[in-house]
Amino acid sequence: MTVARTRNARLTAANSFTPWFRLIARDLLFPWWDEMFAKSQAEGWNAEKGEGKVRASTLEGGDKVGEIIRML
């Protein structure tokens with residue numbers, strides 16, 4: 001199953017998420033996670049081998065931080 005298909009399956013109407021949470025997940029959480037995984041891989045994280053770490057600090061100073069502040 002592709003990442004996009006997995007996301008859509010998680011956010012279907014059958015789930016009990018509110019519309020606001022669906023928007024936040026689709027527009028912020030999933031893109032943040034994708035970016036965090038990509039940057040962590042660039043720093044040596046390898047999920048298949050169990051090597052390295054996924055680090056949230058890789059998102060520091062990114063453009064997504066400004067998006068969440070504007071939403072508040």
Side-chain angles (χ1 to χ4, degrees):
M1 188 179 278
T2 66
V3 173
R5 195 183 298 173
T6 302
R7 284 186 193 148
N8 290 335
R10 290 181 188 156
L11 295 175
T12 61
N15 291 326
S16 60
F17 296 122
T18 67
W20 285 110
F21 183 78
R22 282 192 198 116
L23 286 172
I24 291 167
R26 185 194 71 205
D27 294 344
L28 290 173
L29 294 179
F30 289 137
W32 276 356
W33 292 333
D34 289 342
E35 184 179 353
M36 181 176 59
F37 292 148
K39 288 182 176 182
S40 293
Q41 283 177 328
E43 293 182 0
W45 171 64
N46 185 325
E48 293 173 6
K49 293 182 180 179
E51 297 174 347
K53 294 182 179 180
V54 174
R55 297 181 321 109
S57 62
T58 61
L59 299 176
E60 271 181 17
D63 56 341
K64 297 286 183 200
V65 173
E67 287 181 30
I68 191 69
I69 291 172
R70 281 193 300 272
M71 289 179 66
L72 297 174

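Along the sequence shown, residues carry numbers from 1. Since we're looking at a predicted model, the values are computed, not measured.
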Can you name the closest pair of heavy atoms from [X] and [Y] and give their distance?
| X | Y | result |
| --- | --- | --- |
| Ser40 | Val54 | OG-CA, 3.5 Å |
| Pro31 | Arg26 | CD-O, 3.3 Å |
| Met36 | Leu59 | N-CD2, 3.8 Å |

If you group Ile, Leu, Val, Met, Phe, Trp and Tyr by side-chain heavy-atom gaps below 4.5 Å, do Trp33 and Leu23 land in one group?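 Result: no, two separate clusters.
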
OG1 on Thr58 to CZ on Phe37, rounded to 0.5 Å: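 Interatomic distance, Phe37 CZ to Thr58 OG1, rounded to 0.5 Å: 10.0 Å.
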
